[in-house]
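In the text below, chain A, chain B and the rest are named by the order of the sequence lines, each starting its count at 1. All values below come from the heavy atoms of this structure, side chains included, with hydrogens, waters and symmetry mates left out.
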Amino acid sequence: MNHPKSDSKNTKSKTNTRENDNNTSDTNFIRQAIEEDIASNRFDGRVHTRFPPEPSGYLHIGHAKAICISFGIAEDYDGLYNLRFDDSNPITEESEYVEAIKRDVHWLGFDWGEREFYASDFFETLYEYAVKLIEKEKAYVCDLTPDEMRTYRGTLVTPGKDSPYRNRSVEENLTLFGGMRNGEFPDGSRTLRAKIDMSSPNLNMRDPVMYRILRAHHYRHGDNWCIYPTYDFTHGQSDSIEGVTHSLCDVQFEDHRPLYDWFLESLEIYQPRQIEFARLNLTYTVLGKRKLKVLVEEGHVDGWDDPRLPTLAGMRRRGYTPESIRNFCNRIGVSKADNLIEIAQLEYSIRDDLNRNAPRVMAVLNPVKVIIDNYPEGQVEMLDADNNPEDENAGTREIPFSREIYIEREDFMEDPPRKFYRLAPGREVRLKHAYYITCDNIVKDENTGEIVEIHCTYDPETRGGWSDDGRRVQGTLHWVSAEHAVNAEVRLYDSLFTEREPENAAEGADWMQFLNPNSLEVQNNCKVEPSLLDTPPESLYQFLRMGYFCVDSDTTPEKLVFNRTVPLRDSWAKIQKGQK
RNA sequence: AGGGCGGUGGCCAAGCGGUAAGGCACAGGUCUUUGGAACCUGCAUGCGUAGGUUCGAAUCCUACCCGCCCUGCCA
């Protein structure tokens, strides 16, 4: 066996706090297999993995799992990892996707250094490999049409039968294959096939196609080729050429493994080991490039980076951090069993991260005005507010307080139910960082009956939100000074689908019908504290009591736009539910 | 129906013949200037089912049941 010399070591990313990633299970069947290979010196003790996306779409959380497994293992065993674009189908692939994929993998926190490969760059070598198999009488040119080939292949329970072209001479095959490459035959008229076993119970072994004739522009190689190798004839050989030791992939490729091995053994070249694991499934969404593509192309969402999408670009825009995604991947583990991870697991990961790291800020999403009648008109006080109670190094900032403020409309009830600890007639509550206020009366719109003003009095002795007399208030509200408030748009998201398993919701049902019509709710009249002015896109905050929010790229100097990443856990909502 | 792979609590997942880790979720409680966070407690006499081997079985054996994947010149 021979394999290429390993090149330079992976440069591990320094900027990310990778050492904080928590691994709940530090062992799994893949790591065990690798440890056995190291112990037996199977690959001279090397560990070298790869992540091989086809540039035909954007990466999603399922890819993140695969990346964390392959690259994470390589890092942990002091090995190498490659990023390889599996671009052997010119029809579906585009440069836009390779750029997006590179951006997302980097963002996730992995640096493949110089080890960026393209399967299409191996086309010449692959061609030589194919010639070699023809010479060894292990491949032949077949003239069967697609329909005929399907018929000859047999079925799951019946064997196939040999192609009438199966026994062409080496010379004829060589000539014909050369002719295929030279463009002498029309698209689809012939294929190069591996000569294996038409009666194999594994359909992948029934003389699989290695090359097809296809006149299509390749995003990377233009019109240099009119024949393209199939996945099966590309993947293993690419792994081999790159010196990969462990080729980790989806369980769907399990019954391709015999073929993977067959090509490498027949070619007598270095043979990596393929190991399969279960792909990720998430509740209330769909993963899988074709489906995501449909959602994007049919306009059900607003591009690949729509914050409702499970794409890495969408999650980034939504406010997910790379750390939270890596932690999520480590927490869910690796096995071969089918799985369906609850979205709550993902939400936990981002809350866990943002709770520790996101600055606190006050923002009123659905404002109602509160007038503090005994507060001097025109007076403004600057009050100290801590930026993050979970982080003593986060410091404080000053926020303006004045006679008229906004509070959340939901924080007032004229006739409050039991356990409602917020503002109500005659009730005293604390304004976070400010004063205790008591509600005296309310003003309603004569026509609609809607509350337009809440009149309160404040207790000057409670500045900062403390009182010396041991008095305790039940509720603490967030607020924004009306005079100083900055207007903002806030986008609230709900799950993209109404069904836990949109793809398996009902017999024969189309997953598309379970799209949630209310997955996006826009609040246009939000009031945020002035410190939020001029914060750049992707800045993350906790809006006190409301959840975690992220500055959206649609933000302009005139209009702030925020995405709600995820709400805070809300025990009041639970109580309310129980009371009904 | 042929082949491959799976089946441990609501969702994941350790376990590798010595008497069921952990996380999420959920339920109680403590604390609290976020009904957040944190902290404490509870949560599988049971490991798809039925037999068998063994002093002892989720782990070994046998049979059966259920689920997923495979009939592209996609990856």
Just call it for A:Ile341: base, sugar-phosphate, or nothing, with non-hydrogen atoms closer than 4.0 Å on any strand.
sugar-phosphate

Distance, rounded to the nearest Å, where A:Arg569 contributes CZ and B:C39 contributes P:
13 Å

Between CZ of A:Arg360 and P of B:G36 the distance, given in whole Å, is 13 Å

So, A:Phe177 versus A:Tyr127, ring centres under 6.0 angstrom or not?
yes

Note: A:Lys336-A:Asp250 ion pair, threshold 4.0 Å (strictly below)
no

Is a salt bridge present between A:Glu503 and A:Lys291, judged by a nitrogen-to-oxygen distance below 4.0 Å?
yes

Distance between P atoms of B:G52 and B:A58 (Å, rounded):
15 Å

At less than 3.5 Å, do the side-chain atoms of A:Glu390 and the base atoms of B:G36 form a donor-acceptor pair?
yes

What does A:Tyr421 touch in the nucleic acid at a heavy-atom separation under 4.0 angstrom: a base, only the sugar-phosphate, or nothing?
base

Using atom P of each nucleotide, how far apart are B:G2 and B:G46 to the nearest Å?
35 Å

In this structure, how many angstroms lie between the C1' atom of B:A25 and the CG atom of A:Asp570, rounded?
16 Å

Donor-acceptor pair present, A:Glu347 side chain and B:C24 base, under 3.5 Å:
no

Side-chain donor-acceptor pair under 3.5 Å between A:Asp232 and A:Thr230, yes or no?
no

A:Leu383 and its side chain to side chain contact (heavy atoms under 4.5 Å, CB included) partner, picked from A:Arg397, A:Glu398, A:Arg463:
A:Arg463

Base of B:G35 paired with side chain of A:Arg422 (donor-acceptor, under 3.5 Å):
yes

Between A:Arg360 (side chain only) and A:Ala358 (backbone N and O only), is there a donor and an acceptor less than 3.5 Å apart?
yes

Need one value for A:Leu544: base, sugar-phosphate or nothing, where a base atom within 4.0 Å counts as base even if backbone is also close, heavy atoms only.
base

Compute the centroid of each ring, for A:Phe543 and then for A:Phe562, and state whether the two points are separated by less than 6.0 Å.
yes

What residues from residues 274-288 of chain A pass a heavy-atom cutoff of under 4.0 Å to RNA chain B?
none

Dot-bracket for RNA chain B, 5' to 3', Watson-Crick and G-U pairs with both distances under 3.5 Å, [ ] for crossing pairs, | for partner on another strand, reads .(((((((.[[[..)..(...]]].(((((.......))))).....[[[[[..)....]]]]])))))).....

Any idea which of B:G36, B:U34, B:C11 is nearest the A:Glu342 side chain?
B:C11

For A:Asn357 and B:A37, what is the distance between atoms CG and P respectively, to the nearest whole Å?
16 Å

If you check the A:Ala337 side chain, which of B:G7, B:A37, B:G35 turns out closest?
B:G7

Consider the side chain of A:Asn339, meaning its heavy atoms from C-beta on, and name the nucleotide among B:C12, B:G36, B:A1 that approaches it most closely.
B:C12

Determine the contact category for A:Arg500: base if any of its heavy atoms lies under 4.0 Å from a base atom, sugar-phosphate if only primed atoms, P, OP1 or OP2 are that close, otherwise nothing.
sugar-phosphate

Reckon A:Gln345 touches a base, only the sugar-phosphate, or nothing at all at heavy-atom distances under 4.0 Å?
base

Remember a base hit wins even if backbone is also touched, and classify A:Arg257 as base, sugar-phosphate or nothing at under 4.0 Å, heavy atoms.
nothing

What's the gap between B:G4 and B:G23 when it is taken at their C1' atoms, as a whole Å value?
31 Å

Touch check for A:His433, heavy atoms < 4.0 angstrom, all strands: base, sugar-phosphate only, or nothing?
base

Return whichever of A:Lys336 or A:Asn355 has its heavy-atom-nearest nucleotide of RNA chain B closer to the 5' end.
A:Lys336

I'd like the C1' distance from B:G48 over to B:G67, given in whole Å.
10 Å

Base contacts versus sugar-phosphate-only contacts with protein, heavy atoms under 4.0 Å: please encode nucleotides 70-75 of chain B as B, S and - from 5' to 3'.
BBSBSB

Does any N or O donor sit under 3.5 Å from an N or O acceptor when you compare the side chain of A:Gln474 with the base of B:G35?
no

Roughly how many Å is it from CG in A:Asp391 to P in B:U34, rounded to a whole number?
17 Å

With heavy atoms under 4.0 Å as the rule, sort A:Phe420 into base, sugar-phosphate or nothing.
base

